[in-house]
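Data first, discussion second: the structure below is written as structure tokens.
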Amino acid sequence: EEIFLTYYRDTAPGTDAAGVLLSSIFAKAIRDRWIAMSVAAGLIGVWLVLAMALYRDIDISVYTDLPEAIRDLMGIPEGADAATLAYNVMLEFAAALTVAGMAVSMGSAAIAGEERNGTIGLLLGNPKTRTHVLASKLGAMVALVAATTLFLWGAAELAPVLLGVDIGDTDLGAMHLHLAANAIFYGTLAAAVGAWTGNRTLASAIPAGVMVISYFATGLLPLVDSVAGLARAFPWYYFSASNPLANGIHWGHLAVLGAGSVGLVAVAFVGVNRRDLRSRSVGVSLLDRLRDNAHTGRVFDRLAGSTRVSRIWIKTTSEHQALLFVTSGVMFGLMGVLMGPMYTSIEEDIATVGEEFPDAIMALAGDGDLSTPEGWFQVETFSLMAPIAIMIVTVVIGARALAGEEANRTIGLLLANPIRRSRIVVEKAFAMAVYAVIVGASIFAGVALANLISGLDMSYRGIAATSTLVTLLGLAFGALALALSAATGRTRIATYATIGVALTSHLLNSFLPLSDNLAGWARITPHYYFLSSDPLNNGMHWGHATLLTALTGALLVTAVWTFDHRDLRQR
């Protein structure tokens with residue numbers, strides 16, 4: 001047990017290695033993740049109270065006069081106060097995606113993360129079987145999801161009491177039970193992919209892609225009778241389709257999610273026990289393959305430069321290729337090209353639905369007019385999915401750029417060469433910018449092609465302006481992650497803090513305009529300078545683009561300064 005306990009002592013300074021806490025894989029997984037889960041749950045709890053306070057000031061007749069079908073779709077139970085909508089926004093959307101995302105992070109790290117970090121051999125060199133390691137990691141994931149869900153349930157019960165709001169027959173227990181089952185399903189999917197591939201990037205990207213696709217498919221397909229039944233093919237359907245907030249627990253849907261999770265756990269156990277595990281994640285990059293090819297070798301040998309660290313940005317880009325391909329592919333194909341034919345096939349139905357939704361709800365979805373193709377793409381592609389796609393790339397690269405080198409103990413190797421710290425920051429930032437531009441270009445290409453093949457007659461100038469602004473927005477948050485990475489040397493702090501700021505920015509920009517007295521404060525959020533000028537219809541707002549660029553520049557300068565003046569860690 002000595003090596004095993006030493007590993008846990010070294011990864012948790014100040015904790016006794018002989019204690020119970022660090023002699024357990026389960027307990028260490030809890031220790032590593034509970035802070036991030038707690039912060040996420042706390043933020044959602046605070047925003048739930050704020051959202052409910054804002055909805056309390058909205059005329060209830062706006063919602064009670066809606067058709068019954070629309071009220072069911074929105075999750076408004078009969079007799080409930082309009083503030084119940086805060087539950088739909090914060091629980092069925094923000095909380096569900098956040099908790100599921102945390103579960104995916106834990107699931108992908110269970111085996112693939114240990115392989116990437118080079119610690120799987122250290123674990124298995126002790127009397128701990130592969131099954132035991134995986135079971136402990138999955139048990140920790142389930143425990144943290146359960147604890148987070150219970151906290152959110154308590155916050156949801158407390159908020160209306162504090163604000164004096166009547167929530168009618170809303171079933172908060174059912175909502176949170178469905179939320180936990182949904183998160184565990186995606187976490188076990190990530191664990192299964194990681195157990196079979198040993199690639200943490202794939203183990204994160206595949207479940208995230210399935211989750212996002214399922215979310216939109218479950219929301220869109222039921223609006224068209226001819227394809228409504230297809231929604232059952234997507235996992236998110238079994239979380240939200242029965243509207244547990246209004247209708248209570250749907251045991252059949254919970255059984256589907258539970259059976260799926262059990263099946264994925266079995267797949268994960270088979271995968272981890274049948275595969276040769278790697279002591280360190282290694283692979284052949286696309287650049288390496290091009291250099292080995294007889295036809296392209298000379299060009300890419302010159303591009304790659306020498307084996308010295310003279311091309312840090314190329315190395316950085318090669319480390320995140322899978323993430324780029326998955327993200328840009330989804331945005332080009334699914335959220336770009338396919339959105340055109342989908343709009344033309346449901347144009348009349350979606351326009352009617354859009355007219356029946358109140359303006360406040362449409363503001364949360366991007367404030368687009370669904371009777372027009374511009375409004376359709378603004379709601380479905382640009383308001384939420386495009387910023388998330390860009391941020392996935394920029395935040396991951398920004399957070400790992402410097403803190404990742406310290407965590408992997410390679411920062412000393414870099415700085416042992418005749419290279420300044422500032423150059424490392426600049427080249428890492430350049431790699432981040434390259435990937436952001438590629439994803440932004442993929443978004444533009446996908447929407448432009450959809451416009452062409454579906455004859456939507458949208459302005460290509462407007463598409464380009466919106467794609468540029470979302471790229472600048474993503475770069476701003478990527479620069480924030482880079483600055484936090486430079487200042488703290490902690491990947492998790494850089495990642496989760498940036499996600500928290502981005503979520504806060506999005507929610508402020510969505511909620512504040514609902515109140516006439518608070519609408520002007522939306523200008524303090526970066527998200528305001530993305531869509532508030534309606535670039536799809538009006539083209540580029542150069543003032544907004546300049547502000548986002550200046551924010552990115554200021555954060556990069558901060559990253560350079562803090563990295564230059566901090567004592568770096570070799571461990």
Side-chain angles (χ1 to χ4, degrees), residues 216 219-220 223 331-332 334-390 437 439-476 505-506 508-514 519-520 522-523 525-549:
F216 281 98
L220 292 174
L223 300 178
M331 293 309 299
F332 173 79
L334 180 66
M335 302 309 300
V337 176
L338 291 182
M339 285 292 118
M342 182 179 292
Y343 174 75
T344 57
S345 65
I346 62 173
E347 182 175 356
E348 294 183 2
D349 297 307
I350 198 65
T352 302
V353 171
E355 290 174 358
E356 293 176 335
F357 275 96
D359 293 340
I361 298 302
M362 292 308 300
L364 295 173
D367 201 22
D369 180 2
L370 291 178
S371 65
T372 67
E374 289 85 0
W376 166 260
F377 274 98
Q378 180 159 313
V379 170
E380 299 301 332
T381 300
F382 284 110
S383 65
L384 186 63
M385 286 302 301
I388 289 176
I390 298 281
V437 169
V439 177
S442 300
I443 295 170
F444 168 78
V447 177
L449 185 56
N451 184 43
L452 177 65
I453 63 178
S454 300
L456 301 179
D457 199 28
M458 295 169 60
S459 166
Y460 291 100
R461 182 173 62 90
I463 298 172
T466 312
S467 300
T468 300
L469 286 171
V470 76
T471 301
L472 293 175
L473 180 69
L475 278 172
S505 174
H506 172 72
L508 279 173
N509 189 54
S510 298
F511 283 123
L512 291 179
L514 299 180
R523 295 175 180 272
T525 69
H527 278 78
Y528 175 84
Y529 301 98
F530 168 36
L531 286 179
S532 64
S533 62
D534 194 9
L536 270 176
N537 288 299
N538 301 326
M540 177 63 76
H541 190 299
W542 293 106
H544 289 182
T546 301
L547 285 170
L548 290 174
T549 303

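The basis for the numbers below is simple: all heavy atoms, side chains too, and nothing from hydrogens, waters or symmetry mates.
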- prompt: At what distance, to the nearest 0.5 angstrom, does CD1 of I463 lie from CZ of F382?
  reply: 6.5 Å
field: Where S467 and T471 come nearest, the two heavy atoms and their spacing
entry: O-OG1, 2.8 Å
Show me the donor-acceptor pairs, under 3.5 Å and distance only, between side chains in residues 440-452 and residues at least two apart or in other chains.
{"residue": "S442", "atom": "OG", "partner": "I438", "partner atom": "O", "Å": "2.9"}
{"residue": "N451", "atom": "OD1", "partner": "D457", "partner atom": "N", "Å": "3.1"}
{"residue": "N451", "atom": "OD1", "partner": "M458", "partner atom": "N", "Å": "2.8"}
{"residue": "N451", "atom": "ND2", "partner": "M458", "partner atom": "O", "Å": "3.1"}
{"residue": "N451", "atom": "ND2", "partner": "Y460", "partner atom": "OH", "Å": "3.4"}

- request: Start with the C-alpha distance between T549 and L472, add both sets of side-chain angles, then the distance that settles side-chain contact (heavy atoms from CB on, under 4.5 Å), and finish with yes or no.
  value: CA-CA 6 Å; T549 303; L472 293 175; 3.7 Å; yes
Side-chain touch D534/Q378, heavy atoms, less than 4.5 angstrom: yes
L473 CG to T525 OG1 distance, which is reported to the nearest 0.5 Å: 9.0 Å
task: Please assess F377 against M335 for the test side-chain contact (heavy atoms from CB on, under 4.5 Å), listing each intermediate value before the final yes or no.
output: CA-CA 9 Å; F377 274 98; M335 302 309 300; over 6 Å; no
query: At their closest point, which heavy atom of S454 faces which heavy atom of P341, and how far apart are they?
result: OG-N, 3.2 Å
- request: With the side chain counted from C-beta on, respond yes when L531 and L536 share a heavy-atom pair under 4.5 Å apart, and no when they do not.
  value: no
- request: Before giving the answer on side-chain contact (heavy atoms from CB on, under 4.5 Å), spell out for H527 and L508 the whole-Å C-alpha distance, their side-chain angles and the decisive distance to 0.1 Å.
  value: CA-CA 9 Å; H527 278 78; L508 279 173; over 6 Å; no
- request: Determine the minimum heavy-atom distance between S533 and N538, stating which atoms define it.
  value: O-ND2, 2.9 Å
- prompt: How long is the span from the OG1 atom in T381 to the CE atom in M339, to the nearest 0.5 Å?
  reply: 5.5 Å
Minimum side-chain heavy-atom gap M331-I390 below 4.5 Å: no
- prompt: Listed by chain and number, what are the side-chain contact (heavy atoms from CB on, under 4.5 Å) partners of S532, not counting sequence neighbours?
  reply: Y528, H544
query: Quick one: are Y529 and L469 in side-chain contact, heavy atoms under 4.5 Å?
result: no
- prompt: T468: what forms a side chain to side chain donor-acceptor pair (under 3.5 Å) with it, not counting sequence neighbours?
  reply: none
message: Test side-chain contact (heavy atoms from CB on, under 4.5 Å) on T344 and L456; report intermediate values, then the result.
response: CA-CA 8 Å; T344 57; L456 301 179; 3.8 Å; yes
